[in-house]
Amino acid sequence: MNEEQYINELKKCVHCGTCKAYCSTYESDSEESLGARGRLALLFGLNNGQLIPSNTICEKVFSCTLCGACTHQCPLGIDIKEIIYKGRTILRKHDSSRKLLRFISKFFTNHPLISFKFLNLSQHILLPYINKKDVLPFNLTIPERRLKDKLQVVTVPRKIGRVAIFTGCITNFLYPNIGKSLINVLNILGYEVILPSGEVCCGTPLRTLGMEKEAILLAEKNYDLFSKLNVEAVLSLCPTCTLALKSEYPKIIGKGINYSYDISEFLLDKISSRENIKNISNNRAIFHDPCHLKYGLGVINEPREILSKIGIDLIKTKESKCCGFAGTFCFSNKSLSKNMLDTCVNYYDRYKFETLITSCPGCILQLSQKFGNKKVVHLIEVIENIFL
Ligand code: SF4
Ligand code: SF4
C-alpha cells in the first residue's frame, strides 16, 4: 500500500464501529484504542498531525494480532489489516519497546540454522532456565532434528502428481513430526513431494514488526524459489505461510504463488469416505479455526468435511476464538495474549472435549500450554493416523 492509498483508505472510515464488534483484542479489553476502529483513528490522527508518535500510540497499534477478522466486515471495504501493517512501518522508528524483538527476529530469520543449533545445544541448560523464568510466553522444547536439512525429493512408485511443501519455521524447527505426517499422507495418495533448499521465513513475523523492507527481501527469495518449481501445488501446514505466499506477496512484491493451498483445500477431494476406519470417533473432538485460515484464506468447511469423511464426529462449537498466539504478538503483548488464551480455553472447555484439532503449528504451541490433559493435534496427524 503506497502513501496515497494509505491516506485515502484512512479517510474513508466513517467510524461506524462494525469492525470493532469482530475484534478479539477489543473483546479482551474493551478499550476503544484496542479495537480496529480506535487503531485507525490513531493512525488518522498521526497522519494529519493531530497526534505525535508516542509509546502509548505504538503499544495500541502494535497490539493488533493482524488476525484479519475485521477486514471483511467493513461496509466500505477498508483493508484494515493492510493499513495497520503500513502504520507499523511508519511507527517503527518510534517503537522502542520492540527493538530487541526486532533484532532477535531478524537474526533468527537470517541465521535459522545457527539459531536452531544454538537452541538445540542449550536445550538442557539455557531453556529450562528460560522456561522457569517465564521469559517466553510458552515452554519451548527443541526437537533433535529439524524437518529439512537440504533439498529433499520424496518420490513414490506410481506417481500421480508432484507438489512442493513450504515448510515454514515453526514446522521445520519445532514440529518436524507434522511435516513428516504430511509427506507420508501425500506419498500414500501418490504424490511426489519436493522440499526445496533455500526456503526462507515467509516474512510475516518481520512485517508484523513494521520491517516491511526486510519482509520484501524474504518474499522475493521465496517467490523466486517456489515459482520455478514444476509442481501443481505448494502446500503448507501453517495458514500464515500460505496466506503470505498467496495473498500478501502480491501486495508487497506484486506477485504471489496462486497455487499455494492449505492442506485441507488440496486434500478434500483426494480423500475418499472410509468405511473401515479406525474407531476414533468416540473421542470427543473439536476443531479450532486458526485466524489466518478462516479470515485470511476463507477456509472453514474443508477441514470439517475431511474430518467427517474420515469418521470424526466433531462437536459443533458456536463460534471460534483467537488463541492469542499471533506470531510475534504473544512475545510483545504477553498479558493480552494470555487473556485471549484464557478466554479461548474457557470457551472450549464448556464443550467437554478430549481432542482439539487445528491446522496451525502456532495455535498448537499456544493451546498446548493450557490443555495439558487433552490432546492438541494438527489435522494432518489425524489424517495420517487414519491412513496408516
Ligand atoms: S486484525 Fe484482528 S486484532 Fe487487529 S484490529 Fe482487526 S480484528 Fe482486531
Ligand atoms: S467498519 Fe470500516 S468504516 Fe466502520 S469503523 Fe471500521 S474501518 Fe471504519
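One-based numbering, in listed order, for ligands and for the atoms of each. Start at 1 with the first residue, then count along the sequence. Predicted model only: the values in this text are computed from it and were never measured.
Counting protein heavy atoms only, atom 8 (Fe) of ligand 2 is closest to Cys13 SG, 2.4 Å. With hydrogens left out, the protein atom closest to atom 3 (S) of ligand 2 is Val14 N, 3.5 Å, a heavy atom. Nearest non-hydrogen protein atom to atom 6 (Fe) of ligand 2 is Cys19 SG, 2.3 Å. The protein non-hydrogen atom at the shortest distance from atom 5 (S) of ligand 2 is Gly17 N, 3.3 Å. At the shortest separation from atom 4 (Fe) of ligand 2 among protein heavy atoms lies Cys16 SG, 2.3 Å.
By the 6.0 Å and 45° rule, Lys270 stacks over the aromatic ring of Phe266.
Every atom of ligand 2 is numbered from 1 in the order shown, and the set under 4.0 Å from a heavy atom of Cys74 is 1 (S), 2 (Fe), 3 (S), 7 (S). Using a 4.0 Å cut-off to heavy atoms of Leu40, the atoms of ligand 2 that qualify are 7 (S). Taking a cut-off of under 4.0 Å to the non-hydrogen atoms of Pro75, the atoms of ligand 2 that pass are 1 (S).
Residues Ser236 and Asp262 approach most closely at O-OD1, 4.2 Å, considering heavy atoms. Of all the heavy atoms in Pro143 and Asn120, the pair that sits closest is O-ND2, 2.7 Å. Nearest heavy atom pair, residue Ile315 against residue Lys352, reads CD1-O, 4.4 Å.
Here 1 is the count of protein N, O or S atoms positioned under 2.8 Å from atom 4 (Fe) of ligand 1, waters not counted.
Judged by distance alone, with hydrogens and angles left aside, the side-chain atoms of Glu384 form no donor-acceptor pair with the main-chain N or O of Asn184 at under 3.5 Å. When atom types are taken as modelled, the side chain of Glu354 and the backbone of Lys375 share no donor-acceptor pair closer than 3.5 angstrom.
Under 4.0 angstrom from ligand 2, the non-hydrogen atoms of His15 all belong to its backbone.
In the hydrophobic clustering (ILVMFWY side chains linked at under 4.5 Å, chained through shared members), Leu91 is joined by Met1, Tyr6, Ile7, Leu10, Val14, Leu40, Leu42, Leu43, Phe44, Leu46, Leu51, Ile57, Val61, Phe62, Leu66, Leu76, Ile78, Ile80, Ile83, Ile84, Tyr85, Ile90.
Thr242 pairs with exactly one of Leu297, Ile257, Leu235, Val299 by the side chain to side chain contact (heavy atoms under 4.5 Å, CB included) rule, that one being Leu297. Remark: of the listed residues Tyr347, Tyr348, Phe353, Tyr347 is the sole one forming a ring-ring contact (aromatic ring centres under 6.0 Å, His included) with Tyr351.
Checking Glu192 against Thr155 by side-chain atom types alone, a donor-acceptor pair falls below 3.5 Å.
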